[in-house]
Every structure is written in structure tokens, then in C-alpha cells.
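Accompanying notes for the structure given below.
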There are 2 protein chains.
Amino acid sequence: MPWSRNIKPAGGNADPAAADSQPSVTATPIRSSSSIKPRCGTCILRPHCLPAGLAPEQLRKFENMVQQFATLKPGEHLFRVGDNFHSLYAVRSGCLKTCAVDPNGREHVLNFHFVGEIIGIDAIFPEQHFADAIALVESSVCHLPYRAISQFAREVPELQVQLVRALSRHVFSMTSISGDFSADERLAAFLVMVGARNRLAGGSATEMQLAMSRQDIANYLRLATETVSRILARFQKSGLLRANRRQITLLNPDGLYAIAECMNPYSRCGINRRRADGGTTRN
Amino acid sequence: MPWSRNIKPAGGNADPAAADSQPSVTATPIRSSSSIKPRCGTCILRPHCLPAGLAPEQLRKFENMVQQFATLKPGEHLFRVGDNFHSLYAVRSGCLKTCAVDPNGREHVLNFHFVGEIIGIDAIFPEQHFADAIALVESSVCHLPYRAISQFAREVPELQVQLVRALSRHVFSMTSISGDFSADERLAAFLVMVGARNRLAGGSATEMQLAMSRQDIANYLRLATETVSRILARFQKSGLLRANRRQITLLNPDGLYAIAECMNPYSRCGINRRRADGGTTRN
DNA sequence: CGACAGCTTGAGTCATTTCAATCGTTGTGG
DNA sequence: CCACAACGATTGAAATGACTCAAGCTGTCG
């Protein structure tokens, strides 16, 4: 059992001077590149982000609501369990995990958040965070104050639609991994998914540098770390991939896809739809 | 591949009884008690449903959009994989499951939908159903045409808020069961949850008639049917409950709650918040 | 270089599954 | 009304996928 949680000293490297807009007790150590305002208009991620489909002048207004542009070092928290919810975050670069430690001390990784993805939508309802959000590598996020966004959405139906779609997509994507699948299937699906998300972020779908440790992968897939290692070794032996530490090359994406196929929601019906979710894009 | 799983023929429990009233291959067989219009204003479920918090005249308008009031016999489909999404449904009485059969023939129960809960929100994004919705017992649902609801939400912020909250709550509640927990923990949590939902629907939290079979429970909890049986027997032997077929009495809810506690998101932080989600209400 | 953290590999164990047989209910037809 | 079929639930025994424990390996960093 992995009691050994990486309690990375968030304080050690934090620049205390950097824009501390939160004097609260549980102060979230956001290192903000302060004055840099994100420009949604020129952001390559816009089609995948909340302001997708906004008209120019709405977009400008939206941009003005994006208050901060935080940079996080590996291991730094974006927010913590118990923090009040007041903002959504969009990953601009890097990768984060949301995770929670249960009373028995087991860490559960709820999700990985790749470039272009929204963090925090599960906190809208309880109005409080029930997970920690931790950067896995140097990452930057846009800060979308929810009250303002929500208010703005009342005037701009297009934004409303995007918000609801983002939520629905999230539910949709969760249904796959929550299912009953073997370790092989889950890991194969994970790799294919990371490849797809990697490509969305402008990289390769088959050549990637994982942001997360074996332990994180295991905690996400409900496996033991050793099991992840072993399956990777087996996949490698059968020529499906090459794995060296966090450097992974998918040599036979179709083979992996075949193993993972049962987790693809789209394969459940006769639809040959464009794989919109990215969760299972082949190659 | 050693990963032989329970290849439970989808036909096995598909709808042996209900195959009656559906000659069509894909048509949604809604048995409508036609003319009966639901009255949200007098519905005891309103606080838990979408129109929660609407002002009187908005409520009347909302009522008018609720087009149908369908009744389903056990085993009947509300919708099927591949159906176009055009409506959300609110469970008025009874209980339904949403489930999908993967390419290997394994059935995955995605969710159970109890009285007062919304069905279909995961289809908003893909605009298509990727699951079957099947009544477990005689059930009735309100029919909420999404286009109209969505349009109406643009004018009525309160409704918009409710929609987003419902989605966020759904995400929130999914995070528990998707975690890595033992069979005992998952089953205990399941029973506590059913009790809580049963009470919300006006019944008892400890005395209940399950709507679902052991097989359905197993497919939901990622267990084998036999395992569910065995754990129930063990719980019974240790005085936690009394189980006879689908009739379950929780004799020691606190004991069950203690086992299930690790799955309670609220217990992850120091919060002694009113257990709003119902997922883990004690007794 | 040494310490450390993350990763890998092996061996034994355990929780859960699979296979198989039985039991109790419920519904059906004679 | 009873026999019988059918189905869901239960129980036992054996098999196994994944875990735990433990040791060794590899790369990184001070």
C-alpha cells in the first residue's frame, strides 16, 4: 500500500514575494508571473477551452476576466482539499494531477489535467475543493474566476453552452476508466489517451515524455506501482512500445488500441464518428 | 490472454420480460401515460430536481416544457445506445440503470438512477447516448426536452445554475466509486448510499427493497455476482444487516458507514458539513 | 562520490474470480 | 392444485490476476 505519498515541500522553492493575493491560512502557493495577462485571442488552445466559439468582442471581455496566469513548479499545489472554490483553471502548459488521500492513507489520483483542460469543475457543486491539485512538471494555468465567468455566461449563451459541454464531456470521459477492465486494458487505454492528448497539445501521439510517475499512474488506474512496471515491461517485450523511465514510444499504436478498445465508448455503437473526445484517438 | 472475464451474455438479462412492446430495432419504446402532465409545482421532488429554486411564473413555464410523462415496465428501455440525444429525464418513481456492453460482451452498469435524479446529462456533450437506460422496476420519468430547457436557461439564470450544479454534482459523486477500494468498502458504501437515496425519496434509510439484481450491483461495483452474495452473507453474519433477496435491512448503519467511510469525499477534509450529496448520509 | 528517489524484477500471498452445484421463488401449464 | 421449468441467489472449491514484500537497479543531484 502506497502510504508513501510524495509530500513535496511546496514552500521550499516558492518565491514568497511573488504576488501573494491570498493571505489565508491554507494559502495556496501560487507563483504568479504577475503582470502577464493571457491572451485568449491568440491562444492555440482556444478551440478546446471555455471561450471556444465566442465572438471577438465577447472574447475581449472574457480575456479581461482571466485574472491571473500562475506558474507552478513540480510538486506545487494549485489548490488543496478544503480550499474554498472560487475559480476554474485552464492548463496552459505542463500537466497537473488532482488527487485525494482517503482516511486509510491511500492516495487516489482522480484525474490528470493536460494542456487545454479545465480543472475544478467538480468543485462547483460543493463550492469547495475535495481534492488537491498538484503540478507534475513545471506548469502554467489560467485563472478563471467562477463568479465572473458564471455571471458573464448569463449574458453570453455561447459560453453557457461551453460550460455545460465541458462538464458533460468530463462525465463522459469518466465513465470509461470507472468501468471494470483488466490492468492491461486500463494501461493500454491510458497510454493511447496520453498520446492523443499529447497530440492535441501540439506534440506527437506516439512519442512522449510522461509527466507523471509510475506511482501516479498506478494510483490513477487503481493498480500497484509494480504492476504498472510489469505490464510496461510485457508490452515492451511484445513490441507494443518502448519505455525508458518516463520516455515512452508507442511502436504499435494499433496493437495498444486493440487492447484498449473495450474502453472506448464510441466503439459501443455502430458509430464511426470522429473521435471527438481524444480519449481514444488511434495513433 | 489470461484476462478471461465474466462474459455475461448481454442477452441474459437484457430484457427478456420487456421485449414485448418493442417491435422496432432502435425506436425508443416510451410507454406514455400520455395526457398526464407532471406538475412541478406540487412535486415533492422539486427541491432535488432541475426546477429547484425557480420563481412561480418561471416554474409554470418550465412545467409547460415538460412534455411527456412516461411509464416504463421492468426491463423496458428509456433509450438505447446510439439514440440521438434530445432530452433529459427526471425519475419520478421507480429506479433505472444506465449500462453499456463493451466489445468483449461485458456489461458495465454506469449508474443507478433513483427518484429525483436526472438521467442523460452525460449525453449532452456527445449529443448521442452511449448507454442504455433500462427500468429496473416499474418506473415513471418526466421528459425534459433539452433544446427547450437549454433555451429557457438562457433567460433564467437560476435554471442555468441548477443545470451546472447537477452536472458538477454528478462528476463529484462519480469520483468516489471510480476510486480504488476493496469489495467490502464498495458494497458497504453502496448500501449506505441506497439507504440515503431511499430516504430522500420518502422511504426509510435502513429498510429497503432493492430495485436491482445482484448481477446489476456487481456490474456496477466491478465485482462478480458471487462476491456480492458472499459479502452480503458475511455482513449478515457479523450483524451489520439482514438480507433476504432484495429485501435489505441495515441493522448497524454506523458499522457499515465505518467500512464505507473511506469513500466519503467529505471525510477527506476537516469539514463537518451537512452531507449534502446524500451519498454517505449516516442512518 | 554517495545518497536518494524512482523504477524494475522476483517470489510468495491474498482477494476476488471462475467454475460448478444447489437451493429457493416465481410463474406456467396441465 | 401440483409438477415443473426457469431464473436469481447462494455456497463451495479451485484458479488466478494483481498485490505485497523485498531486493536490486539506474539515474539524478548536492
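Within every chain, numbering begins at 1; the chains are lettered A, B, ... in the order of the sequence lines, protein sequences first and strands thereafter. Computed from a predicted structure; not experimentally measured.
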Side chain of [X] only, please: which of [options] is the nearest?
| X | options | result |
| --- | --- | --- |
| A:R214 | C:dT8, C:dT9, D:dA9 | C:dT8 |
| B:S229 | D:dT10, C:dT17, C:dT9 | D:dT10 |
| B:R246 | D:dA9, C:dT16, C:dT9 | D:dA9 |
| B:A224 | C:dT8, D:dA18, C:dT17 | C:dT17 |
| A:R230 | C:dA11, D:dT10, D:dA18 | C:dA11 |

Could you check how far [atom1] of [X] sits from [atom2] of [N], rounded to whole Å?
| X | N | atom1 | atom2 | value |
| --- | --- | --- | --- | --- |
| A:Q215 | C:dC7 | CD | C1' | 11 Å |
| B:L232 | D:dT11 | CG | P | 10 Å |
| A:M212 | C:dA5 | CE | C1' | 18 Å |
| B:Q247 | D:dT10 | CD | P | 13 Å |
| B:F181 | C:dT16 | CZ | C1' | 18 Å |
| B:K237 | D:dT10 | NZ | C1' | 12 Å |
| B:D180 | C:dT16 | CG | P | 10 Å |
| A:Q236 | C:dT9 | CD | C1' | 14 Å |

So does B:R242 have more than 12 non-hydrogen atoms from other groups sitting under 6.0 Å from CZ?
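Open: at most 12 neighbouring heavy atoms sit under 6.0 Å from CZ of B:R242.
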
Between B:V228 and A:R222, which has a closest nucleotide on DNA chain D that is more 5'?
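Residue closer to the 5' terminus by nearest nucleotide: B:V228.
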
Report yes if the side chains of [X] and [Y] come closer than 4.5 Å at any heavy-atom pair, otherwise no.
| X | Y | value |
| --- | --- | --- |
| A:L250 | A:E207 | no |
| B:E107 | B:D216 | yes |
| A:I134 | A:C99 | yes |

What I want to find out is whether A:D132 reaches A:K97 closely enough, with some N-O distance under 4.0 Å, to be called a salt bridge.
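No.
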
Any base atoms under 4.0 Å from A:L223, or only sugar-phosphate, or nothing? Heavy atoms, all strands.
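Here A:L223 touches the backbone only, sparing every base.
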
Measuring to OP1 and OP2 of D:dC19, would you say a side-chain N or O of A:T227 lies under 4.0 angstrom away?
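For D:dC19, OP1 or OP2 has a side-chain N or O of A:T227 closer than 4.0 Å.
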
Parallel, tilted or perpendicular: rings of B:F79 and B:H129 (30°, 60°):
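Taking B:F79 first and then B:H129, their aromatic rings lie parallel (interplane angle under 30°).
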
Contacts under 3.5 Å, N or O only, protein and nucleotides 22-28 of chain D:
unit_1 : atom_1 : unit_2 : atom_2 : d
D:dT26 : O2     : A:R245 : NH2    : 3.0

Polar contact flag, side-chain donor to acceptor under 3.5 angstrom, B:H108-B:D102
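Present: a donor and an acceptor within the cut-off.
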
